[in-house]
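Side chains are part of it too, since the values below use all heavy atoms of this structure and drop only hydrogens, waters and symmetry mates. Lettering of chains follows the sequences in order, A, B, ..., and the numbering in each one begins at 1.
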There are 2 protein chains.
Amino acid sequence: MPVATPEKIAELADRLFYERGFATTSFADIAGALGISRGNFYHHFKTKDAILDAVMARRLEQRKLWLAEWAALGPRAALHRFIDILTVNEAKIMAHGCPVGGLCQELARLNHAAQPGAQAIAGLFIDWLAAQLVLAGGREELARHLFGRAQGVAALANITGDKALMQAEVKALHLWLDEVLNGE
Amino acid sequence: MPVATPEKIAELADRLFYERGFATTSFADIAGALGISRGNFYHHFKTKDAILDAVMARRLEQRKLWLAEWAALGPRAALHRFIDILTVNEAKIMAHGCPVGGLCQELARLNHAAQPGAQAIAGLFIDWLAAQLVLAGGREELARHLFGRAQGVAALANITGDKALMQAEVKALHLWLDEVLNGE
DNA sequence: GTCTATAGGCGGATAGAC
DNA sequence: GTCTATCCGCCTATAGAC
């Protein structure tokens, strides 16, 4: 008799939405993986969109924690740590893409009302990158470029499935960052 | 009384799969947009996967034509023309992302059997870029990097919806290409 | 908090009349 | 080639017993 809390449901839904996509993950999938019945599900969440909101709120808070931790390393190391998301989550990104960009793209295609929430998670990263860049003596505008470069590496890894290529692209991104921070 | 041919169906399905995604586009959507009934649909395509195959074959052939046209411009101009896909399809990419990368990502998440077909379209571009780079006196390995950069710009445009940013990123990509072709 | 039962809709797919 | 009618299964969601 498993105990399902809203947190546990959101945690599992977070994983499944990432791995299989939001639209193609059903209540039965989540309930089945959790070991509870579909009916019980509605005791915790009234609608599927409510779960999505919980998942996005969860992701937002989690990312804020990560970013705060990385910021403590100092701006330069923090920026390199951002790039290393791609290394740390290598296998997942090759299999499922970037969770942030992937959700944005899916919600955009669904014309889903929660689209701004997904974009806010991306915005959190971009604003943080801008702040770290300024602290590191770089140009603030590079934040969006860096974020886009990371998105590109994730897409390339997902499309080609080439691990060595992904590692080479990450290395190139680290080098690029050092160059722009050293005033070229 | 509209006349539905397999070509017309594939053409419309191509557009809808791009705009709304494969999984979330139903037979009713395609039939309704075409002005025919669902039943009639099966006269032309037996399964949904058969439509997907037709759409991918269609995309592959269309891209081959584009690439052949661009190659006729000469390698250097051809490579710049590739980058300008992002400019020519600006509005669509901001709204729906890159059709090539988007389909790859969606099929990966669905664990769909047609995944290799989607990757083949990306491979077509990458191989073509490699060939053009060699002809232009550049390094072949840059093909996958350039393709990934373009994917990143598309993702960034889709996430932020910022037209000026997209244009700036395209401009930067043109500059980068000139640099690597001029032997840095 | 957990379950079963069930409603109502939409998905893909089929059969057969015109 | 086009249609209507229909099947079956899965989806979200609800009601109500335990």
ask   = When you check the gap from the basic side-chain N to the acidic O, do B:Glu61 and B:Lys64 get nearer than 4.0 Å?
value = yes
Presence of A:His43 side-chain N/O under 4.0 Å of C:dC3 phosphate oxygens OP1/OP2 = no
ask   = With a 4.0 Å cut-off on heavy atoms, is B:Thr5 in touch with a base, just the backbone sugar-phosphate, or nothing at all?
value = nothing
inquiry  = What is the distance, to the nearest angstrom, from the NE2 atom on B:His44 to the P atom on D:dC3?
reply    = 9 Å
ask   = Of the nucleotides C:dG12, D:dC3, D:dC11, which has the atom closest to the A:Ser26 side chain?
value = D:dC11
query = Looking only at heavy atoms, which two atoms of A:Pro6 and A:His44 are closest? And how far apart?
reply = CD-ND1, 3.9 Å
task = Using the six-membered ring wherever Trp is involved, compare the ring planes of A:Trp66 and A:Trp70 and label them parallel, tilted or perpendicular (cut-offs 30° and 60°).
result = parallel
Length of the CD1-P vector between B:Ile30 and C:dA13, whole Å = 11 Å
query = Quick one: A:Asp49 CG to D:dA13 P, roughly how many Å, whole number?
reply = 7 Å
message = Looking at C:dC3, I'd like to know if its phosphate oxygens (OP1 or OP2) sit under 4.0 Å from a side-chain N or O belonging to A:Asn40.
response = yes
note = Bend of the helix from C:dG1-D:dC18 to C:dC18-D:dG1 from end-axis comparison, five pairs per end, nearest 10°, comes to 0°
message = How many whole angstroms separate atom NZ of A:Lys8 from atom C1' of C:dG1?
response = 14 Å
task = Report the distance from atom CZ of B:Arg38 to atom P of D:dC3, rounded to the nearest whole Å.
result = 12 Å
message = In whole Å, I'd like the distance from the CG atom of A:Leu52 to the C1' atom of D:dT12.
response = 15 Å
Qualifying residue for side-chain contact (heavy atoms from CB on, under 4.5 Å) with B:Phe45, from B:Asp53, B:Ile9, B:Ile30 = B:Ile9
task = Round to the nearest Å and state the distance from A:Phe27 atom CZ to C:dA7 atom C1'.
result = 16 Å
key: N/O donor-acceptor pair under 3.5 Å between A:Tyr18 side chain and A:Gly97 backbone   = yes
ask   = Among C:dA13, D:dT2, C:dC3, which is the nearest nucleotide to the side chain of B:Thr47?
value = C:dA13
request  = Describe the nucleic acid contact of B:Thr25 in one word from base, sugar-phosphate, nothing, applying a heavy-atom distance below 4.0 Å.
outcome  = sugar-phosphate
remark   = Comparing nearest nucleotides in DNA chain D, the 5'-proximal residue of the pair A:Lys46, B:Phe41 is B:Phe41
ask   = Whole-Å distance between D:dT12 C1' and A:Phe22 CZ?
value = 11 Å
Nucleotide nearest A:Tyr42 when distance is taken to its side chain, options D:dC3, C:dG12, D:dT12 = D:dT12
ask   = Shortest non-hydrogen contact from B:Arg20 to B:Thr25?
value = CB-OG1, 3.5 Å
Which side-chain N or O atoms in residues 119-138 of chain B pair as donor and acceptor under 3.5 Å with protein atoms at least two apart or in another chain?
residue: B:Gln119; atom: NE2; partner: A:Ile159; partner atom: O; Å: 3.1
residue: B:Trp128; atom: NE1; partner: B:Leu67; partner atom: O; Å: 3.1

